[in-house]
Amino acid sequence: MAPAPAPASSGRIRPWLVVGDLVLAVLWVCAGALVKLAVYNVLGLGGRPEWEAAKVSLSVVYMFLFAWLESATGGASYNPLTAISGALASRGGIALYLFTVFVRVPAQVIGAVIGVMLMRFTFPKVGKGAALSVGVHHGALTEGLATLMVVMVSLTLKKKEQGFFVKTWIASIWKMTIHILSSDMTGGIMNPASAFAWAYARGDHTSFDHLLVYWLAPLQATLVAVWVVTFLTKPKKTKEQEADKNKNKKE
């Protein structure tokens, strides 16, 4: 696979990303639903040991496609956590953060809802999406930890100099691993937009359980991940300068 186009410079407001966010959110929800339909109905692997392997294989393929689309569009995303972590990590200022939270995230949510409605209209047997199967606090902890690990790895990979294929391969396998480990408890969604879209279709999108598990916990985990990665990857010279500065203040 050829290297993806280099994304536009980060740290500034790019209004055209809103359209890309909405479109990618629609496509992401549809892709996930189509993979499940393909594994259960087309391949007939529902309930068989091979279904997980087939699902992972197909998922990795479309994750490569979406990684390329994100890069080709200059940073559009289907996941609010990706957009928010990118805005924070780029240190683009309060204006960029507000643009991301109040413009890009709603566009992603709307796109995900459109995608779910489209899939349910086209394929009535597509299902109702992942749902919480454990206690709310257990679910919040699970979704939060899963998000923390995925965001930390994603941000760290962005700072590395490996090629597009290597980075995407590592990120895809890591995300699928975390997804599988948490899928029986929360669905392993780690995407508030997708979670909201399926919850909206079920009618429980305003419940306390949904807000805590699929919004508050992942957002808090994203903030912690950005802070940890920023601190750990800070240039050594900068760390030494801050240490000297703090030492001088104490004196």
Side-chain angles (χ1 to χ4, degrees), residues 17-37 66 76-88 94 97-151 175 178-179 181-226:
L17 290 181
V18 178
V19 177
D21 291 334
L22 189 147
V23 173
L24 287 188
V26 174
L27 296 177
W28 177 260
V29 170
C30 292
L34 288 174
V35 164
K36 291 181 180 179
L37 287 174
F66 277 90
S77 176
Y78 52 85
N79 191 334
L81 303 180
T82 301
I84 291 174
S85 63
L88 293 173
I94 187 66
Y97 179 74
L98 293 177
F99 171 73
T100 301
V101 172
F102 294 106
V103 181
R104 292 190 63 188
V105 170
Q108 293 167 337
V109 172
I110 293 172
V113 171
I114 293 174
V116 169
M117 294 304 175
L118 179 62
M119 292 304 301
R120 287 170 63 88
F121 176 78
T122 308
F123 303 100
K125 296 183 179 181
V126 69
K128 298 182 178 180
L132 185 66
S133 60
V134 294
V136 60
H137 295 97
H138 187 179
L141 179 62
T142 301
E143 196 73 5
L145 288 175
T147 301
L148 177 67
M149 290 185 285
V150 168
V151 174
K175 287 177 183 178
I178 300 301
H179 166 74
L181 292 175
S182 57
S183 60
D184 289 340
M185 293 173 281
T186 64
I189 300 177
M190 296 170 286
N191 183 336
S194 293
F196 177 88
W198 288 106
Y200 180 80
R202 296 192 304 266
D204 59 0
H205 58 289
T206 59
S207 67
F208 171 76
D209 291 7
H210 171 76
L211 295 175
L212 179 60
V213 174
Y214 297 105
W215 280 96
L216 185 58
L219 288 173
Q220 288 182 333
T222 299
L223 296 177
V224 173
V226 172

May I ask you to test the Ile189-Glu143 pair for a side-chain heavy-atom distance under 4.5 Å? yes
Keeping the roles fixed (side chain from Asp204, backbone from Ser207), state whether a donor-acceptor pair exists under 3.5 Å. no
So Leu24 and Gln108, do their side chains get closer than 4.5 Å, heavy atoms only? no
In Å and rounded to the nearest 0.5 Å, what is the CZ to CD1 distance from Phe196 to Ile110? 9.5 Å
Could you grab the distance from atom NZ of Lys128 to atom CH2 of Trp198, nearest 0.5 Å is fine? 11.5 Å
Approximate separation, where rounding is to 0.5 Å, of Leu34 CG and Thr122 OG1: 9.0 Å
Please tabulate, for the side chains in residues 76-87, all donor-acceptor contacts under 3.5 angstrom to protein atoms that are two or more places apart in sequence or on a different chain.
from: Ser77; atom 1: OG; to: Asn79; atom 2: N; distance (Å): 3.1
from: Ser77; atom 1: OG; to: Asn79; atom 2: O; distance (Å): 3.3
from: Asn79; atom 1: OD1; to: Leu81; atom 2: N; distance (Å): 2.9
from: Asn79; atom 1: ND2; to: Met190; atom 2: O; distance (Å): 2.9
from: Ser85; atom 1: OG; to: Leu81; atom 2: O; distance (Å): 2.9
from: Ser85; atom 1: OG; to: Thr82; atom 2: O; distance (Å): 3.0

Looking only at non-hydrogen atoms, find the nearest pair between Cys30 and Leu118 and report the distance. SG-CD2, 4.1 Å
Taking all atoms of both residues into account, what is the closest heavy-atom pair of Leu148 and Ala221, and its distance? CD1-O, 3.6 Å
Please check this pair: side chain of Tyr214 against backbone of Thr186, looking for a donor-acceptor N/O pair closer than 3.5 Å. yes
Non-hydrogen atoms of Ala140 and Leu212 that approach each other most closely: CB-CG, 4.0 Å
With distance as the sole test, does Ser183 use its side chain to make a donor-acceptor pair with the main-chain N or O of Gly188 at under 3.5 Å? no
Of all heavy-atom pairs linking Arg202 and Ala130, the shortest is NH1-O, 3.3 Å
Determine the minimum heavy-atom distance between Ala193 and Ala112, stating which atoms define it. O-CB, 3.4 Å
If you take all heavy atoms of Gly187 and His179, which pair is closest and at what distance? O-CE1, 3.1 Å
If we only count heavy atoms from C-beta on, is the Leu216 to Leu211 side-chain gap below 4.5 Å? no
Are side-chain heavy atoms of His138 and Thr142 found at a separation under 4.5 Å? yes
For residues Phe123 and Leu37, determine if any side-chain heavy atom of one lies less than 4.5 Å from a side-chain heavy atom of the other. yes
